[in-house]
Each structure stands twice: as structure tokens, then as C-alpha cells.
There are 2 protein chains.
Amino acid sequence: VRRTYRTTEESRTLLDVAAGRRPADLYLDGATLLNVYSGELHPACVAIAGGRIAYIGSGRSMIGSETSVLPLAGKIVAPGYIDPHAHVLALATPVEFARRALAGGTTTLFADTLNLMLLTPRHAVVPLLGILSGMPLAIFWLLRLRSPSPLPDDSAFTLERFQDLLGVEAVRGVGEVTHWPAVYHGDGDLLGKISLALAAGRRVEGHAPGASGDRIAALAAAGWSSDHEAITPDEVLERLRAGVYTMLRHSSLRPDLPVLAAAVTETRALSGRFMLTADGSDAVTVADHGYLDHVIREAIAAGIPPVLAYQMATLNPAAYYGLDEELGGIGPGRRADIVVLDDLRNPTPEMVLARGTIAARDGRCVAEFPPLDWPQYFPARLAPSWSPDPALFDAPISGPIIHLENSVISRMRDVPVPPGVEPPPGIVRLALLDIEGRWIVRSALSNFVEHLGGLASTLNVAAYPIVAGQRPDDMAAACRRLARLGGGVVAVERGEVVIEIPLPLGGIMSAEPFVEMAAQAKRLYTFLRKHGFSHADPFYSLLFLNNDSLPDIRVTYDGVWDVRRRRVLAPRQDLPS
Amino acid sequence: VRRTYRTTEESRTLLDVAAGRRPADLYLDGATLLNVYSGELHPACVAIAGGRIAYIGSGRSMIGSETSVLPLAGKIVAPGYIDPHAHVLALATPVEFARRALAGGTTTLFADTLNLMLLTPRHAVVPLLGILSGMPLAIFWLLRLRSPSPLPDDSAFTLERFQDLLGVEAVRGVGEVTHWPAVYHGDGDLLGKISLALAAGRRVEGHAPGASGDRIAALAAAGWSSDHEAITPDEVLERLRAGVYTMLRHSSLRPDLPVLAAAVTETRALSGRFMLTADGSDAVTVADHGYLDHVIREAIAAGIPPVLAYQMATLNPAAYYGLDEELGGIGPGRRADIVVLDDLRNPTPEMVLARGTIAARDGRCVAEFPPLDWPQYFPARLAPSWSPDPALFDAPISGPIIHLENSVISRMRDVPVPPGVEPPPGIVRLALLDIEGRWIVRSALSNFVEHLGGLASTLNVAAYPIVAGQRPDDMAAACRRLARLGGGVVAVERGEVVIEIPLPLGGIMSAEPFVEMAAQAKRLYTFLRKHGFSHADPFYSLLFLNNDSLPDIRVTYDGVWDVRRRRVLAPRQDLPS
């Protein structure tokens, strides 16, 4: 696990520039520097060479005839922003996401590998991890230990594969250990992988919503070193006390900073142990409000002192992952990932440098990204011939169904509906389907929308088709259209396709620009709201229908699943071939 | 580079104890916990199993019939102390040093490898590093890049050897890069080794006394991530601003906390980037005042808030070396290295636990240490037959000689003395000698003592005999006695041995108890002071006579050495065999 990727020759160049023996490539002249190390604002020029910071100070001996001098009097320079817990493999590609995030000052992400481990052909995974970590916005990676939804085939998450991927330089840890009760009860596979990660010098980034302070302490004993699931200041304090670094989340799903900020402002906790995360905010929120720039703005608005808010989004995550000599501050030797601000209270930058090159100006990304043949990495999973029969969706509804309490939390509810009858308002039929037509899991969904013909989507945590609706013909029509798109989200009302978001890349992404995907998502949200969706975040409602660790009831490959009691309520049904 | 040495089975045990499924070995009941993570004092019990902390909180379900319950109401429990920059291979053995340090609450050291790289037989180095890292007081290691004094043979510091040692798990970095001007000027050997260390995930712990802020920035660009040589608050701030972690030193040689504390109390710097170090305080200081307990006490006395002072000596060094999940706090999963205090303002503990076992009580070490056959690791270097002729010491004194300005800084002075004449008061002859009698380097020393027959010592940074005195017969007699001891420090006055400190282990250590060695050192100091020594730290005056990076003039294998101009003032002379 490298602390920095500097080579000897790079160090020599930086030294020579710092000592005035060699001209800098770029000289940032006259700005005020937000020094996250000393916690101050102070005047300092910055000399850059080979994409790294060679020098900070008032010296000018490294300005040569080839040096570009950027006059920045009156401006503030701050380190590029770092998200310690990101999700970048849904809707838009990581490249298109990166363009948007970079424009708002985010230069590094530590991101979930779920969709990549699940959907990318095995031989292409390591090359892709490497390519994406080398982009102008660098993505480091956090391995998943297990699928968040049962799969017919667990070969994506074997111990052998985990060990191989741990050896990849851009992999900095384990992320999103959603099965925390299994860890708590001593699951051998999970504990073994966690120990391997620790022995390889990697962090284990946990995920323990709702865990008590005592359970957090137990999980810390097992190797958990951070968590992003605190939703009250007390939960923040419980994590800190157990030695767990705490990410304060402000996402589309959980915009919690106004509540969590008190944990920072009212405790005397070491500020180095707090971080900020956008935790996979949906595309519409990111398009409309920004990414980490938005989160930092909200942190300041919630009362966190501005310098500390920036530290929580720069130095602290870099230090957590052992990369504080490479990232996270405007310090000699570090990557020249720098934002130029007009005002410390406005984190949306006028200009962004990524590795010493201008990457964005006035909110527009100008960085060059590697061209990628995306279908090679995320092949379509649904064949055009996939076409479930409408009769499949006309089974009786019986037993507990899924009542959506909010965007993602569900409760059990009994609403029997016989076959051949359209469910009452507020109830839609729900099915999880095999991509080769071999099986189906049937349930129903309450308090999702009032009325819906048919909606089919592969945008969920196992990229399997999930179909909802009240009219079997519309449901089947949505499936047919979905198959033709190779995956995505399709809504059909009385035979007419009214919404379609093509996601041909593995059923979860499109190569279209980020703003276009956000606009498509917005049209879907509008459609759903018009049909009665009343929760905060429709994106996550769809995404998590098959997530087996969110209370209380889900549709999974194992059947309709009782999350708390860990039992199948209604098994999956095999279909005749 | 492991983040923790926990195995899967250990994690399982800890989890089981935390969850009340298995009894703890030890339960610390009713104390107030100094929580270095959250920066608070709060009531919390601590459950320990297998030498690690399994749980903190108020739960009692892990108390079983086999659990020892230690009632600690009214007491404070705090993490064991960690020195990020230690020297443990001089005078007493690391084991005897560890007994003393442990009694005062220090449970982990990151220590200099110089004497080990220099004096231990090659095949024995890796095993010894491992054994010493596994003691009740754990010693992690920092590699030297180069000898601090020129040697006839540089094979101890080759790139190949450096690479091999970097691979040792207990090696956590590079330490004490004394040749900072060479790094600044781009020395290829040093830059190459630094890059290798960074690529291996190790820290580069610098040493840049007197470097300006601009030079500190350049050294940071080359991979320097910490420094312990700031002697003013401004120098502390310069280091912080350059992204360099800063160790505040309070040693026998430089008891600087009263001055440096202002950098902590008057800046808004991230507290996580400060550490405390005793930087190899001499044995007498440690025996009389304690080790890190003394430094913490001085930090509090200097105005550093107590909780922060403890953080600087526990969590911060652990985090700097990437071991914050293993060390540095009373948090689940960590080694149960714990001190029991009566009062936060008195860091000298009533009891010390090392890996869950009582290691010291009321200032007495009761821990068991591995028996070590020291001569195997540090063979004697001087043969009993080594016997320089008195005539060797009767050469004329000419050219610049070494005028001691304080304990360790010297200036040039001209005091010609013809042969056959006793030098005037305040001037002593000085010689550095080969252990096989093949060469000699001659100079003289001013402002060391007023009068001295002969003093011979191998207690210096190359473990070569250095002889000082005014009377050639006494100087030769001291050498003869020194040879018979196999190394050490011997003083002779008019033919009589008046001081002798046998250091048969490599000429630099004895296996005697620490207090005995401190008593011997004190007798030497008293002798020197009686003879006119007026500086603060006689131990370092002797140790550094041949250190080639301390201003201004030294005796080295290359000859009498002008440190600033890097040139030989008087060459070494070959002797007839």
C-alpha cells in the first residue's frame, strides 16, 4: 500500500523546482491558501511541476520562461475535494459522473465496486479499476465482501477473487459491509475477508445503520474502522468513542448535515476523525446542486466552522485511507488537485486543477478523459428476445406484501388480491425475474404509487429485472421494451411507452452525458410523483427493492424475504422453459 | 503494511466477548476512560481478551467465572504511551530500557536502527527486530539511510540491504535522515531509498535542524512527512504548513516543550498532526524523571490541554505510522496497552497493562521479557590485545580544533600545541582510532573539560574508539582498559582507572539493569563536571564527536571534518602494522 505514487525522478524534479534549480510548469501567484494542515488561511504561492505541488511559499526563483503564471490575487486556493464513500456505477458512467463532480471541485473518490464486481467480465476488472483510478478525477476502490442481494451464483464474491482484487494498488479498502449483523454474529467468510484486508494494509469501511453503541463497539473489534450510517449526533458520538472514524452523510436519500453537525460543533472530538460524504446522491441532486461542493456548503450552513468543513472533505479522508502524502492538501509532493474559490463560504470553484492541469472553469469540465469502450466492460444482460408472458404477472397477491414506509424502509402489510383483478389504488403487483426466464419471485408493493400500468427496471442492486404495475399487459409490454433497450427503466401506460431510460451497460448505466441522464431521471421522478409517489428519493426506492439488509421485507432471488427474521416468506417459483 | 495484526480467530474471540457470548479474560470496572478518539473523559468499563480490548461500555455480560475483575472506581484509564522517535540501543539494552519505560507507562516505541544496522551480524538482524517488536513494550523500527559518520566500509547501508529490511513487518519507516542537505541537493541514493520506502507504505521520518521554511517545503516534496527538529514555535508552524507532522521534543539534550508549546496553544492547527517525543533522552534523565510520562507532564505544565497532551503521545503517533487500529487508544480491537492513573495531571501510572497483562505497578516493572543472548547480537568489537602506543597521542596540535560551544555544537578554533607538551587547561588532545590499529585521526577538543588525563570511549555514532586527554600515558592506559572491557567508557588519571563503564555489547551497550547503567552514567557525568565540563548533556557530547552532520567540526574516518564546507581539514593517517 503506497503512501504516495511519486517516483524517485518525480521527487527529484519537485526538489529541483522547490530549490529554484528548475522552472515550474505552473505558478499560482498571489492567492490565499487554505492550509488544511495548519488550519489557517495564509498568503502563499504554489509552484507545480509534473502534475504535483513542488513548493508553497513566497519564493519566485522557480518561475522560468516556460512557467505559466496564473495571477490569483483575491482568490483562495484549496485542496480538491475527496469523497471517502462514493457510488459511481449507476445511471451515468464513472467518466460522465467524474466530469460533473470535477466541475464542482471533487478530484478524488473512494468508490463502491459492487456493480463492477457483479457485471464486468472477470478479465476486464483489474484493467478497468486501474484506468478509472488514473483519470483526472481519480477513483480509488473499496471492495464488496458480499452481494447485497442473493444471487444464483456467488462466484463474484469468492475469497480467492477478493484476495486477488486486494492486491490491486487502486483498491484501498473494503466498503459498505451491509451485512453487519452477520459480522456481529461471527460469519467466517466476512471475518476472514476483513482480516485479509487489514493484513494487506487496507481499511474496512463499515455500514451499520441502526446498530447500538454496544454493537458498534463489537464491530470495531472485528476490524471496522469507519462508518457513514450515523443519523443522530448521539450515534456519531457512539462511533467516535469506539474508535470508528465517522462520515457525516448528506445525500439525496439522507440529507442529514443539519442534524449531524451538532456532533462536530458540540463535542471536543478530534476533528481529524470526521469526514463528509455524499454517499451516492442521485443524479438529479448532483446535477441541480453539485456534489461535494454542495455537501461542504451544507456543512457550513449547519454551523461547522468553514476550515473544518473543508478539512473533513480533503485531508481527513486522505489520511483515513493512508494517502495523506499523496492527496488532501496543498502541500509539497502532493498531487496538484486544487480548487480556486472566490469566497471560503462558497465551495463551488471558479476553477479546478487536476494534477496541475486546468480541469474545469466556471462549472464546466474541460479535462480530457480516456476513451473507453464501455460495452466491453458492462455488456448488456437482457437479450432482445426476453419477453415474459403477461399471465406471469396475474397471480394472486397473498401473504405479507411490501409497504414502503419511506423511500427505502418497508414494513409488512397484508392486502390479498385475487388473480384477474386489478389491485386497489396504492397497491401494485411486483415481480423479480430471471434474465433467462427460468424463475420469478412475486409480491406486491404498497404506498409506492397510486396507479401504475407497468414499470420494468434493471436499476437495482443485482441488476435483475424488477417489474411493478397494476396491469399485466402493461407490465409485459414494459419488459419487452426493457429487453430491447438491453436494460434500464421503462414505464408503460395502456400499451404506450411513456418513460424509457435506456441503460444498456449492464442494465445499470448509459454512456450518455451526466446531465442527460439526470434529465431522464427527472422525467421518471415526475412520472412517478404524478402517479402518487410521495417519498423523498424514487431512485433509491427502485434501487433497493431487492436489497436484503434493509428492513423489513424485500424481493430477492431466494424469494420474498423477511429481513429481520432472515426467512423466506414466499419462495421463488421456477418457470417452465 | 498491516493496519492491525489481529487474526480472524482473534477477531472472532473479541466479537464473542463484546457480544457476551464468551467471558473476557479481564474486566476493568468502573474507571473513567480517557477517550483519545472523542477527546473526552467518560465512564466506561473495558473488557479484555487475548491481550486486546474487546469492548468498552457499561455492559457486563462478558464477565464470567474465569474473568478477573479489576475494580478501578475513582481511577482513570488511558492508552499506553507511544514515542514516535526513540533511540534504544545505547548504554542499556532495549530490554532493560523497556523495563524502565514500561514502568512509566510507555508501551510502544518507534526506534532508530542505527546501532543494529551497524553492529549486529547480518543474519541476526531480522530475527532481533522481530523479537524486540514482540516484547511487552513493543518496538517498531525506523531504518537509517546512511551512517551518521563515514565508515571504512558502507556495506551496512546498501540499497539491497535497505530493500530487504523494508520488507520486515516491524519496520514502519525511515528515521533520522540526518543528511538533509544531501536530500535537498538531490542525492540519488537517498532519494531512491525514500521513494522505495513510500512505495512500501512506510513513513519517512525526517531530521532537519536549522532548515528554513523553504527548505522544509522542498524536503516535504521529496517525501519527508515528519520532523522532530523544530526548536521554535515558528519552526513548528513552518513544518505544519508544509504538510509535515511535527514532533515536539523534550529530551535531555533539548528540553524544548516550554518554548514549543505555544505552537499548539496559539495556532488552530489540527491537533492530530502534533506528537511528543523524548528523542533518546539520556539514561540519567530517564532514571530520575521518567520517560514519556515525564514528557507528557512537561507538556501539561507548558500549557497544552491535558487531553491533547495525551493524544499527542498515544493516538497521534499510532495514526502517523498507520497503526491507529492496533495502537494508541482504548478502542475495541486494539492491543490492551493501558495505563491506570490517579489524576490526569499526573501521567506516571499506578499500573500499566501491556497486551492485557499487568506489566508494571507503582513504578516497578513486573513484565516478563524474552531472554536474549546479547553477545550474539552485539559482539564485542575491541580485542583485548588492542593497545595503542602512548606516542600516538603525542603529535603536534595544529590547524583548527574542535571548540565545544554547547553539548553538541562545535566551532573551529586555533590552538597550536607542539608535541611533548601538555596542552593548556581547557584543551585536550583527541583521537579517533581504528579497532585494528591501522589508522588514526588526530585533533583536539576545547571547552570540553579543563583537565583530563585520558578518556577512551566507544560510545559514539560509529562505535569506534575515541580518546581524549592531556597525558599520552593516561590516554593509552584508558585504551588498554577499554580493550579489556570490550568497549565502553574509561577514564584514567595518572595511571589509575577512575571511571569505567563496561559496554561489551558492540562497545555501546551493557546487559546490566537500566538503573545500574544510569548510575554509571551519573558517575561519569560527575567526574566530567568535576574536571570542568560545563555543558548540559555529557552523554551527547561524547556520542556526537564523530557525527558528520552537526556543525562545525568533527573527527571522522575521513579525517578532521569541516561540516559546512564538506571538506577534510586534516586527513586520517595510516599507521604501520
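Throughout, protein chains are lettered first and strands after them, A, B, ... in sequence-line order, and every chain is numbered starting at 1. Excluded from the calculations below are hydrogen atoms, water molecules and symmetry mates; all remaining heavy atoms, backbone and side chain alike, are included. Values in this document were obtained by computation on a predicted structure and should not be read as measured data.
In terms of modelled atom types and a separation under 3.5 Å, the side chain of A/R202 and the main chain of B/R2 share no donor-acceptor contact. The closest donor-acceptor contact from the side chain of B/R241 to the backbone of A/G331 lies at 3.5 Å or more, if one exists at all. A donor-acceptor pair is defined here as one N or O able to donate and one able to accept, closer than 3.5 Å; such a pair exists between the side chain of B/R3 and the backbone of A/G201.
Put simply, the side chain of A/T7 does not reach to within 4.5 Å of the side chain of B/S195, judged on heavy atoms. At a threshold of 4.5 Å between non-hydrogen side-chain atoms, the residues B/E325 and A/V204 do not count as touching. Residues A/L191 and B/L15 form a side-chain contact, since some pair of their non-hydrogen atoms from C-beta on lies under 4.5 Å apart.
Applying a 4.5 Å heavy-atom cutoff, the residues of residues 180-188 of chain A that approach chain B are A/V183, A/Y184, A/H185, A/G186, A/G188. Residues of residues 44-55 of chain A having a heavy atom under 4.5 Å from any heavy atom of chain B, listed by number: A/A54, A/Y55.
Contact count versus chain A (heavy atoms, under 4.5 Å) is highest, among B/R12, B/H42, B/R215, for B/H42. Top candidate by heavy-atom pairs under 4.5 Å with chain A, chosen from B/I194, B/D214, B/L196, is B/D214. Looking only at heavy-atom pairs under 4.5 Å with chain B, the residue among A/L315, A/T8, A/T246 that has the most is A/T8. Of the listed residues (B/G322, B/G329, B/A18, B/A242), the greatest number of heavy-atom pairs within a distance under 4.5 Å of chain A belongs to B/A242. Options A/A221, A/G333, A/S11 differ in how many heavy-atom pairs under 4.5 Å they form with chain B, and the most are formed by A/A221. For the options A/R203, A/R21, A/R273, heavy-atom pairs under 4.5 Å to chain B are most numerous at A/R203. Taking chain A as the reference chain and counting heavy-atom pairs below 4.5 Å, the highest number among B/G223, B/A319, B/G57 is found for B/G223.
B/V36 touches chain A through its backbone: at least one of N, CA, C or O sits under 4.5 Å from a heavy atom, while the side chain does not. When heavy atoms are compared at a cutoff of 4.5 Å, B/R239 does not approach chain A at all. Both the backbone and the side chain of B/T4 come within less than 4.5 Å of a heavy atom of chain A. For a residue to count as touching a neighbouring chain, one of its non-hydrogen atoms must lie under 4.5 Å from one of that chain's; by this rule B/A200 touches chain A with the backbone only. No part of B/L308 comes within reach of chain A, as not one of its non-hydrogen atoms sits under 4.5 angstrom from that chain.
Between A/P332 and B/A217, the closest heavy-atom pair is CB-O, 3.1 Å.
With hydrogens and angles left out, the side-chain atoms of A/Y245 and B/D324 include a donor and acceptor closer than 3.5 Å.
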Requested in this report: Start with the C-alpha distance between B/L237 and A/S38, add both sets of side-chain angles, then the distance that settles side chain to side chain contact (heavy atoms under 4.5 Å, CB included), and finish with yes or no.
Outcome: CA-CA 7 Å; B/L237 190 60; A/S38 63; 4.2 Å; yes

